[in-house]
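Hydrogens, waters and symmetry mates are skipped; everything else that's a heavy atom, side chains included, is used. Residue numbers run from 1 in the order of the sequence given.
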Amino acid sequence: APRDIYGESKLAAEEVVRSLQADDFAVCVLRPPMIYGPGCKGNYQTLVKGALKLPFFPDIENERSMLHIDTLCAFVKDLLDRNAAGLFFPQDAQYTCTSRMVERIARDNGRNIRLTELFNPILRLLSGKVGVVDKVFGGLVYARD
C-alpha cells in the first residue's frame with residue numbers, strides 16, 4: 001500500500017512491467033529492503049556517515065529487514081538461472097537492529113560510538129509524526145518465508 005507519490009509511481013511501474021509477462025519472457029519484480037555493503041548508496045550511507053561522525057547514537061531496539069549487496073547479486077543470478085517469474089522480497093536471514101548496526105559500523109572503522117537511551121523518550125514522542133524517525137528507528141521487516 002503506497003504511502004506517497006514515490007511509492008505510487010513504483011507500484012505503477014511494477015504493474016506495467018508485469019503486463020509484459022509472456023511464455024517466452026519471464027518478469028521478476030524485486031522489492032528488496034535497505035541494501036548495504038561496499039558501494040551502496042542511500043540510507044545505508046547516511047547511517048555510515050553518522051557512525052563515523054557522531055559520538056552518541058540512540059539505543060533503540062528495533063528490527064529491520066536488510067540485504068547485503070552480495071546476497072542480492074546471488075539472488076538475482078539464481079532468478080536468472082531458473083528463468084523465474086513473480087514477486088520477490090529478498091532479505092538477510094536475520095533482522096537487524098539499527099543501533100547495533102551503527103555501533104558495528106563504527107567499531108569496524110576503528111571508532112567508538114556510545115549508544116544511549118537518553119534520546120528515547122523524545123524519539124517515542126516523534127514516532128508516527130516524523131517520517132525520518134520512523135524510517136531510522138521504527139520496525140520495518142518483511143515476513144519470513
Side-chain angles (χ1 to χ4, degrees), residues 1-18 20-21 26-145:
R3 291 187 241 168
D4 56 24
I5 191 131
Y6 176 69
E8 290 170 8
S9 68
K10 285 174 57 174
L11 182 59
E14 282 181 13
E15 291 168 355
V16 170
V17 170
R18 289 172 103 175
L20 301 174
Q21 176 76 34
V27 173
C28 290
V29 173
L30 299 179
R31 293 188 186 167
M34 183 191 303
I35 305 297
Y36 67 98
C40 291
K41 301 185 183 331
N43 294 331
Y44 177 70
Q45 280 305 316
T46 302
L47 290 174
V48 169
K49 287 177 187 175
L52 299 181
K53 291 181 181 180
L54 298 171
F56 301 99
F57 194 82
D59 189 3
I60 298 272
E61 290 298 323
N62 69 339
E63 290 184 322
R64 304 256 336 194
S65 289
M66 293 184 65
L67 183 63
H68 192 275
I69 186 66
D70 293 341
T71 307
L72 174 61
C73 292
F75 187 83
V76 170
K77 182 184 181 312
D78 178 62
L79 293 174
L80 291 169
D81 290 346
R82 294 186 295 118
N83 197 35
L87 176 62
F88 299 93
F89 299 85
Q91 63 181 316
D92 286 342
Q94 301 295 319
Y95 296 136
T96 300
C97 171
T98 304
S99 299
R100 302 293 165 268
M101 180 180 61
V102 167
E103 183 179 47
R104 188 171 53 244
I105 292 167
R107 185 181 60 241
D108 290 349
N109 285 277
R111 293 214 59 249
N112 184 25
I113 192 168
R114 298 188 63 121
L115 299 182
T116 178
E117 296 181 4
L118 181 67
F119 306 108
N120 292 12
I122 296 166
L123 293 171
R124 283 190 196 99
L125 282 173
L126 297 175
S127 179
K129 299 174 186 91
V130 178
V132 71
V133 171
D134 294 334
K135 196 170 195 176
V136 175
F137 299 106
L140 186 58
V141 297
Y142 292 156
R144 301 263 175 227
D145 291 336

Main chain of [Y], side chain of [X]: is a donor-acceptor contact present, judged purely on distance under 3.5 Å?
X	Y	value
Asn62	Cys97	no
Glu8	Pro2	no
Asp59	Ser99	no

[Y] and [X], any side-chain heavy atoms less than 4.5 Å apart:
X	Y	answer
Cys73	His68	no
Met34	Leu67	no
Ile60	Thr98	no
Leu30	Leu79	yes

Checklist entry - Which residue pairs satisfy the side chain to side chain donor-acceptor pair (under 3.5 Å) criterion with at least one member in residues 35-47, sequence neighbours excluded? => result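 Counting only pairs at least two positions apart or across chains, the side chain to side chain donor-acceptor pair (under 3.5 Å) contacts touching residues 35-47 are Tyr36-Asp92.
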
Next on the checklist: Going by side chain to side chain donor-acceptor pair (under 3.5 Å), name the pairs with one or both residues in residues 105-132, residues two or more places apart or in two chains.
Outcome noted: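 As it turns out, the side chain to side chain donor-acceptor pair (under 3.5 Å) pairs with a partner in residues 105-132, which skip direct neighbours, are Ser127-Asp134.
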
Item to check | Closest non-hydrogen atom pair between Ile113 and Gly50, with its separation | outcome: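 Smallest interatomic distance, heavy atoms only, reads CD1-O, 4.2 Å.
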
Item to check | Heavy-atom pair with the smallest gap, counting every atom of Ala106 and Ala51 | outcome: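 Shortest heavy-atom separation between Ala106 and Ala51 comes out as CB-O, 3.6 Å.
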
Checklist entry - With a cut-off of 6.0 Å (strictly less than), are more than 12 heavy atoms of other residues, nucleotides or ligands near CD1 of Ile5? => result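 No, because the 6.0 Å sphere around CD1 of Ile5 holds 12 heavy atoms or fewer from other groups.
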
Would you compute the distance between atom [atom1] of [X] and atom [atom2] of [Y] and round it to the nearest 0.5 angstrom?
X	Y	atom1	atom2	answer
Arg104	Met101	CZ	CE	7.5 Å
Thr96	Leu140	OG1	CG	11.5 Å
Ile35	Leu72	CD1	CG	4.5 Å
Cys28	Leu87	SG	CG	9.5 Å

Next on the checklist: If the condition is side-chain hydrogen bond (donor to acceptor under 3.5 Å, both in side chains), which residues does Arg82 pass it with, not counting sequence neighbours?
Outcome noted: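 Checked Arg82 against side-chain hydrogen bond (donor to acceptor under 3.5 Å, both in side chains); matches are Asp78.
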
Next on the checklist: Against Val29, only a single residue in Gln21, Lys10, Glu14 fulfils side chain to side chain contact (heavy atoms under 4.5 Å, CB included); can you say which?
Outcome noted: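 The option that passes is Glu14.
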
Checklist entry - Under the ring-ring contact (aromatic ring centres under 6.0 Å, His included) test, which residues partner Phe119, sequence neighbours left out? => result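 So Phe119 forms no ring-ring contact (aromatic ring centres under 6.0 Å, His included) with any residue.
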
Checklist entry - With sequence neighbours excluded, what pairs up with Phe137 under the ring-ring contact (aromatic ring centres under 6.0 Å, His included) test? => result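 Testing Phe137 for ring-ring contact (aromatic ring centres under 6.0 Å, His included), a comparison that skips the adjacent residues, returns Phe57.
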
Checklist entry - Quick one: side-chain contact (heavy atoms from CB on, under 4.5 Å) partners of Ser65, sequence neighbours excluded? => result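 With neighbours one apart ignored, the set is Pro33, Gln91, Tyr95, Val141, Tyr142.
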
